[in-house]
Amino acid sequence: MPFMNKEQIMEIIPHRDPFMLIDTIEEMEVGKKVVATKYMSPDEFWFKGHFPDYPVVPGVLMIEMCAQAGAVAMLSMPENKGKIGFFGGIKEAKFRRQVIPGDTLRIEVEIIKIKGPIGVGKAVATVNGEKAVSAEITFAIK
């Protein structure tokens with residue numbers, strides 16, 4: 001049983017379909033750490049064009065999934081309720097495994113630094129325990 005479902009997530013972050021890119025929150029320490037999932041349905045909009053004969057999740061969307069998960073942890077803080085998280089930077093992004101239809105991405109984001117409205121998260125996303133993407137993401141809360 002997930003800690004939060006999609007409807008509960010949408011009460012915290014402003015993303016909506018087709019750009020709501022996480023399905024569940026499995027674990028969370030508000031403002032510190034979050035574990036989310038995203039099931040890659042064969043019907044996802046990006047598979048039609050990336051690539052029709054070899055569907056793969058675009059790396060940039062996996063980074064966005066990490067950012068959305070991190071945003072849930074940060075925007076769950078009482079002082080951030082109703083705010084929006086924006087990208088401030090992406091460092092050290094590495095893509096190590098293709099993610100394809102039918103895969104479930106497990107996304108873990110640890111908030112490693114907060115200074116005022118700016119923060120940094122360390123993100124790692126895996127499929128069946130195999131690392132797919134990792135990055136350090138900087139965000140601004142507005």
Side-chain angles (χ1 to χ4, degrees), residues 1-77 79-81 83-142:
M1 189 80 171
F3 180 73
M4 282 186 204
N5 62 29
K6 204 168 198 169
E7 289 74 31
Q8 292 166 311
I9 295 167
M10 288 191 298
E11 292 175 12
I12 299 166
I13 63 174
H15 302 77
R16 298 294 181 263
D17 286 331
F19 215 70
M20 173 59 146
L21 300 179
I22 55 176
D23 295 328
T24 66
I25 299 297
E26 298 297 316
E27 305 169 29
M28 184 169 63
E29 274 185 75
V30 172
K32 295 182 180 181
K33 183 180 178 183
V34 66
V35 177
T37 64
K38 171 62 179 163
Y39 169 69
M40 302 303 163
S41 166
D43 297 329
E44 302 291 356
F45 71 87
W46 53 82
F47 288 136
K48 294 176 194 152
H50 195 270
F51 304 96
D53 295 325
Y54 194 90
V56 192
V57 178
V60 69
L61 291 183
M62 289 190 284
I63 296 290
E64 175 65 22
M65 292 169 197
C66 293
Q68 288 184 19
V72 173
M74 291 306 300
L75 298 178
S76 292
M77 296 172 70
E79 62 269 31
N80 293 333
K81 185 174 174 61
K83 295 183 179 179
I84 299 175
F86 292 93
F87 265 123
I90 303 166
K91 284 182 165 178
E92 303 294 325
K94 296 196 184 336
F95 305 95
R96 303 178 186 274
R97 179 195 193 282
Q98 293 177 352
V99 179
I100 59 174
D103 284 346
T104 297
L105 199 63
R106 177 182 168 89
I107 304 152
E108 298 183 40
V109 181
E110 179 186 359
I111 307 304
I112 59 174
K113 181 178 177 183
I114 300 173
K115 187 171 183 178
I118 307 297
V120 178
K122 180 179 175 185
V124 177
T126 58
V127 175
N128 296 325
E130 189 177 345
K131 193 181 290 186
V133 63
S134 60
E136 184 179 283
I137 50 179
T138 300
F139 57 87
I141 305 291
K142 301 223 182 229

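Since we're looking at a predicted model, the values are computed, not measured.
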On a heavy-atom basis, which atom in M65 and which in K38 lie closest, and how many Å separate them? SD-CG, 3.9 Å
Whether N128 side chain and E130 backbone form a donor-acceptor pair below 3.5 Å: no
Whether the side chain of T24 engages the backbone of E26 through a donor-acceptor N/O pair (distance < 3.5 Å, no angle test) should be reported. no
Derivation and outcome, side chain to side chain contact (heavy atoms under 4.5 Å, CB included), residues I100 and M40: CA-CA 7 Å; I100 59 174; M40 302 303 163; over 6 Å; no
Shortest non-hydrogen contact from I25 to I22? CD1-CD1, 4.1 Å
Would you say CD of E79 has more than 12 non-hydrogen atoms from neighbouring residues, nucleotides or ligands within 6.0 angstrom? yes
Nearest non-hydrogen partners of A125 and C66, listed with the distance: CB-SG, 4.3 Å
Flag yes if more than 12 heavy atoms outside K6 fall under 6.0 Å of its NZ atom; otherwise flag no. yes
Considering only heavy atoms from C-beta outward, does the side chain of I111 approach that of F139 to under 4.5 Å? yes
Residues L21 and E64: closest non-hydrogen pair is CD1-CG, 3.7 Å
Got a donor-acceptor contact below 3.5 angstrom from the R96 side chain to the T126 backbone? no
Counting C-beta onward and ignoring hydrogens, is there a side-chain heavy-atom pair between K91 and T138 closer than 4.5 Å? no
As a quick check of understanding, evaluate side chain to side chain contact (heavy atoms under 4.5 Å, CB included) for T37 and Y39, giving each step before the final call. CA-CA 7 Å; T37 64; Y39 169 69; over 6 Å; no
Is R106 salt-bridged to E27, going by a charged N under 4.0 Å from an acidic O? yes
Take M4 and M28 through the side chain to side chain contact (heavy atoms under 4.5 Å, CB included) test and state the conclusion after the steps. CA-CA 9 Å; M4 282 186 204; M28 184 169 63; 3.4 Å; yes
Quick one, L61 and F19 - any side-chain contact, counting heavy atoms below 4.5 Å? yes
For side chain to side chain contact (heavy atoms under 4.5 Å, CB included), just list the numbers for E44 and V57, CA-CA rounded to whole Å, side-chain angles, deciding distance to a tenth of an Å, and then say yes or no. CA-CA 9 Å; E44 302 291 356; V57 178; over 6 Å; no
Side-chain contact, heavy-atom cut-off 4.5 Å: M74 with I114? yes
